[in-house]
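Structure, as structure tokens:
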2 protein chains.
Amino acid sequence: MDKNEKNITIYSISQKLGLSPSTVSRALRGSPLVREETRKRVLRVAKELGYATNSFARSLRTKKSHIIAIITEDITNPFTSLIIKGIEEVTAKNNYHIIYGNGDGNLNKEKRYLNALIQRQIEGLIYISTVSREIKDFYLNTSIPVIFSYSYSLTPDIPSIIPDDLYGGYIATEYLIKLGHKRIAFIFGPAGYKATTDRLAGSKKAFEDYNLDWDHRLVRHCKEWDSASGYKEALDLLSKDIIPTAIFAGNDLIAVGVMDALREKGLNVPKDISVVGYDDREVCGYVRPKLTTVRLPLVEIGKKSAEILINHINGKNEGIEAITRVKGELIIRDSCCSLGFKSKEVMPEK
Amino acid sequence: MDKNEKNITIYSISQKLGLSPSTVSRALRGSPLVREETRKRVLRVAKELGYATNSFARSLRTKKSHIIAIITEDITNPFTSLIIKGIEEVTAKNNYHIIYGNGDGNLNKEKRYLNALIQRQIEGLIYISTVSREIKDFYLNTSIPVIFSYSYSLTPDIPSIIPDDLYGGYIATEYLIKLGHKRIAFIFGPAGYKATTDRLAGSKKAFEDYNLDWDHRLVRHCKEWDSASGYKEALDLLSKDIIPTAIFAGNDLIAVGVMDALREKGLNVPKDISVVGYDDREVCGYVRPKLTTVRLPLVEIGKKSAEILINHINGKNEGIEAITRVKGELIIRDSCCSLGFKSKEVMPEK
DNA sequence: ATGAAAGCGCTAACAG
DNA sequence: CTGTTAGCGCTTTCAT
């Protein structure tokens with residue numbers, strides 16, 4: 001513009017004011033080693049000139065990038081974006097920036113990102129995966145701290161921040177029990193997932209605490225985490241001798257399939273059979289009846305992940321647990337009611 | 001490790017090989033000015049030493065960051081993540097990295113990000129907003145190219161990549177017409193949104209092309225883009241004289257509300273009334289019947305945004321349109337059928 | 001095909 | 001409170 005073609009640097013400012021670059025640098029960063037009046041002059045001229053810090057130069061010098069990376073396994077998954085939201089909230093507060101890469105379920109792409117980002121001098125990395133069950137050992141030998149968000153790292157060397165599914169399974173089951181249900185069926189997700197075994201353990205614990213008998217005939221596992229599987233298992237379950245008064249599904253999608261089967265059998269939800277889901281996906285508000293479910297604490301998991309990572313970066317890494325569990329909460333909608341209210345009867349208040 | 005505490009730089013390599021740093025630098029970048037054998041030696045030692053380029057130093061020197069920024073208005077919106085996926089696909093191919101910031105619907109936060117990221121020497125920026133209707137003039141006076149993704153920038157100086165809602169409105173309406181429907185009701189989203197006026201224009205165009213009369217009594221606007229509004233409008237519509245045989249809703253959520261109203265009135269979807277939504281949200285597959293809808297081309301919008309931005313960065317900015325529209329497609333599910341099939345009758349094949 | 005030297009813009013001793 | 005100096009790690013003329 002009015003200045004030369006040259007970039008505007010602290011040197012431009014120092015020249016204009018007859019100061020040294022170091023003083024300008026200090027003033028800009030708010031060092032107490034600079035007279036208030038001087039700072040003001042510097043700030044004014046900086047604005048006048050349209051000066052902007054060159055953060056490459058700064059980072060080169062200080063060896064601090066103030067950047068962390070997020071690598072996702074699948075950004076398409078609706079859980080992922082809520083976790084990212086949580087991460088972003090705390091990085092923004094702590095003046096960190098986020099470099100984002102999508103692994104796309106492709107191991108090579110993940111590795112390439114990891115290497116490229118380390119060259120970018122990132123100070124830490126959060127890996128968000130919602131399905132992974134394999135150890136990703138290339139995250140182990142990095143020079144920077146790594147956190148696994150949502151999924152288990154499967155190694156104590158990388159902290160995992162995950163939902164407390166044991167607690168979730170417990171509160172969902174307890175809710176049904178308190179509604180008077182005793183014959184509760186469980187249509188869990190596929191066996192072999194931590195999410196499944198934890199939710200199951202929580203349900204079992206609730207049964208124990210309330211002195212109910214665990215009936216294996218009412219416990220099922222879906223082949224997949226989807227409605228088709230839930231539908232299939234529910235249909236099969238309903239063809240047997242004992243019919244439950246309530247069903248706890250492994251996740252919301254399974255629950256939708258369960259409700260399909262129930263509808264097909266002419267059973268009313270919730271009057272004949274209550275249904276509880278898990279995750280609190282967007283669909284819960286749009287299926288009819290609206291689905292009561294356990295909310296996954298995704299934003300909170302993101303926040304926690306970022307907090308732990310940043311503490312780690314700043315050396316406060318005493319007492320970091322290998323696994324941090326974050327509790328969700330029960331979201332009560334319209335798919336459950338007290339035992340004793342049959343079809344055609346009036347629903348109880350609340 | 002076995003080396004000193006010092007960082008491993010090209011200098012470390014050059015020492016070990018008795019070469020100059022410049023040669024090492026060239027070798028590393030695959031310059032043709034270096035003998036093949038020399039390159040191999042350099043590469044081997046680099047690997048041995050665990051060398052990683054310091055991209056700050058490189059960027060400081062070359063003045064190219066190879067970073068673009070994404071600022072979102074609301075990452076929580078399920079559209080946003082699909083757009084990001086599209087952007088990421090093309091940046092990854094072109095060796096750009098993404099710095100991500102969430103504006104959170106907070107103008108100040110957005111501005112702060114913009115400034116901070118410019119200091120990071122980002123080469124371009126994509127702003128993803130799904131609701132914005134105000135001009136964000138602070139994106140105008142930047143030294144770097146900016147693209148608005150999904151929403152209108154409202155100024156020709158910033159290219160907008162948006163869904164072709166005129167086309168979408170057209171194909172949805174045409175589909176219903178071809179199914180034999182003539183008395184089609186429209187429960188659009190709130191007036192004042194481009195998405196609304198475009199979809200409406202598309203529908204009108206289809207009516208013209210097929211010589212149907214546009215009946216104002218069958219056209220409604222919701223107060224909000226949600227099911228409650230859809231429900232309300234549908235209920236009111238159904239209380240009037242003329243009952244439509246099909247309803248085109250402003251988006252999927254409105255469609256869910258419409259279907260609620262229909263169910264309440266004892267009308268069967270699709271046998272009594274067909275319903276078409278818009279957006280292709282996840283819910284479409286989980287409501288019953290599954291909702292036929294127009295898919296928003298979100299990944300494609302993301303890709304297009306990134307392509308245009310990168311071209312822009314590389315100076316290929318001749319012929320960049322102020323507005324680029326990307327076409328979606330009709331996703332046929334179970335909520336529509338040919339006129340003439342009444343309740344209790346058998347559904348037609350396919 | 002390789003090397004020497006300078007410098008990108010900033011910060012951090014050190015000196016005063 | 002301010003200035004001098006050096007150097008972060010890399011690329012890039014300019015020589016050879």
Side-chain angles (χ1 to χ4, degrees), chain A residues 3-43 45-46 49-67 116 118-123 143, chain B residues 3-43 45-46 49-67 116 118-123 143:
Chain A
K3 280 267 81 168
N4 224 331
E5 267 305 325
K6 284 291 269 172
N7 270 321
I8 296 137
T9 71
I10 51 170
Y11 193 69
S12 330
I13 302 176
S14 72
Q15 289 236 304
K16 187 141 184 177
L17 263 65
L19 285 168
S20 78
S22 14
T23 303
V24 174
S25 170
R26 289 186 192 108
L28 252 18
R29 281 172 298 146
S31 155
L33 298 175
V34 93
R35 217 194 320 153
E36 188 50 34
E37 192 225 315
T38 315
R39 180 196 333 289
K40 278 195 179 132
R41 282 164 59 214
V42 169
L43 258 34
V45 174
L49 262 37
Y51 167 82
T53 310
N54 181 324
S55 59
F56 288 138
R58 172 179 289 174
S59 290
L60 178 59
R61 190 60 237 252
T62 60
K63 300 189 176 310
K64 297 221 142 297
S65 65
H66 262 248
I67 294 178
I118 283 177
Q119 298 196 170
R120 291 268 188 206
Q121 320 294 122
I122 54 166
E123 297 185 23
S143 44
Chain B
K3 282 265 76 166
N4 224 329
E5 266 306 325
K6 285 293 268 171
N7 271 320
I8 296 139
T9 70
I10 50 170
Y11 193 67
S12 329
I13 301 176
S14 72
Q15 289 236 305
K16 187 141 185 175
L17 263 64
L19 286 167
S20 78
S22 8
T23 304
V24 174
S25 169
R26 289 187 190 107
L28 254 16
R29 280 172 300 143
S31 156
L33 299 175
V34 90
R35 217 194 321 155
E36 189 50 33
E37 192 226 315
T38 315
R39 183 201 325 292
K40 279 193 180 137
R41 283 165 58 214
V42 168
L43 258 33
V45 173
L49 262 36
Y51 168 83
T53 311
N54 182 324
S55 60
F56 287 137
R58 172 179 290 174
S59 290
L60 178 58
R61 191 59 236 255
T62 61
K63 298 188 179 312
K64 297 221 144 297
S65 65
H66 262 249
I67 294 178
I118 284 176
Q119 299 196 169
R120 290 267 188 207
Q121 319 294 123
I122 54 166
E123 297 185 22
S143 44

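Predicted, not measured: the structure shown is a model, and the values here were computed from it. Sequence lines set the chain letters: A, B, ... in the order given, protein chains first and strands last, and positions in each chain run from 1. Hydrogens, waters and symmetry mates are skipped; everything else that's a heavy atom, side chains included, is used.
Residue B:Ile8 contributes atom CD1, which lies 13 Å from atom C1' of D:dG9 at whole-angstrom precision. The distance from atom OH of A:Tyr11 to atom P of C:dT11 is 16 Å, rounded to the nearest whole Å. With rounding to whole Å, A:Phe56 atom CZ is found 13 Å from D:dT11 atom P. When the C1' atom of C:dG7 is taken as reference, atom CG of A:Leu60 falls 12 Å away, rounded to whole Å. As rounded to whole Å, 11 Å separates atom C1' of D:dG9 from atom CZ of B:Arg58. One interatomic measurement links the two molecules: CG of A:Leu17 to P of D:dT2, which rounds to 11 Å at whole-angstrom precision. Across the protein-nucleic acid pair, A:Ile10 atom CD1 and C:dA12 atom C1' stand 12 Å apart, rounded to whole Å. The separation between B:Gln15 atom CD and C:dA4 atom C1' is 15 Å, rounded to whole Å.
Near DNA chain D, meaning a heavy atom under 4.0 Å away, the residues from residues 22-35 of chain B are B:Ser22, B:Ser25, B:Arg26, B:Arg29.
Donor-acceptor pairing under 3.5 Å is recorded for the side chains of B:Arg29 and B:Ser25.
Comparing the start and finish of the helix from C:dA1-D:dT16 to C:dG16-D:dC1, five pairs each, the helix axis swings through 30°, to the nearest 10 degrees.
Distances from the side chain of A:Thr53 to the nucleotides C:dC10, D:dC8, D:dT2 place C:dC10 closest. Relative to the side chain of B:Thr38, the nucleotides C:dA1, D:dC10, C:dC8 differ in distance, and C:dA1 lies closest. Which of D:dC10, C:dG9, C:dA4 sits closest to the side chain of B:Ala57 comes down to D:dC10.
Of all heavy-atom pairs spanning B:Asn54 and B:Tyr51, the tightest one is N-OH, 4.4 Å. Closest approach of B:Ser14 to B:Pro21, counting heavy atoms only: CB-N, 3.7 Å.
Residues that satisfy the side-chain contact (heavy atoms from CB on, under 4.5 Å) test with A:Glu123, not counting sequence neighbours, are A:Lys64, A:Ser65, A:His66, A:Tyr96, A:Ile313. Taking the side chain to side chain donor-acceptor pair (under 3.5 Å) definition, one finds that A:Thr53 meets it with nothing, sequence neighbours left out. Remark: B:Arg35 pairs with B:Glu37 by the salt bridge (charged side-chain N to carboxylate O under 4.0 Å, His left out) rule, at least two apart or across chains. Taking A:Gln15 as the reference, A:Tyr11 meet the side-chain contact (heavy atoms from CB on, under 4.5 Å) condition, with sequence neighbours excluded. Legend: residues meeting side-chain contact (heavy atoms from CB on, under 4.5 Å) with A:Leu19, ordered by chain and number and at least two apart, are A:Leu17, A:Thr23, A:Val24, A:Thr38, A:Val42. Every residue meeting the salt bridge (charged side-chain N to carboxylate O under 4.0 Å, His left out) condition with B:Arg39, not counting sequence neighbours, appears here in chain and number order: B:Glu36. A:Ala116 pairs by the side-chain contact (heavy atoms from CB on, under 4.5 Å) definition with B:His97, not counting sequence neighbours.
An OP1 or OP2 oxygen of D:dG9 is reached within less than 4.0 angstrom by a side-chain nitrogen or oxygen of A:Lys63. Side-chain N/O atoms of A:Asn7 include one lying less than 4.0 angstrom from OP1 or OP2 on C:dG9. Phosphate contact (OP1/OP2 of C:dG9, side-chain N/O of A:Thr9, threshold under 4.0 Å): absent.
In terms of position on DNA chain C, the residue among A:Tyr51 and B:Arg39 whose nearest nucleotide sits closer to the 5' end is B:Arg39.
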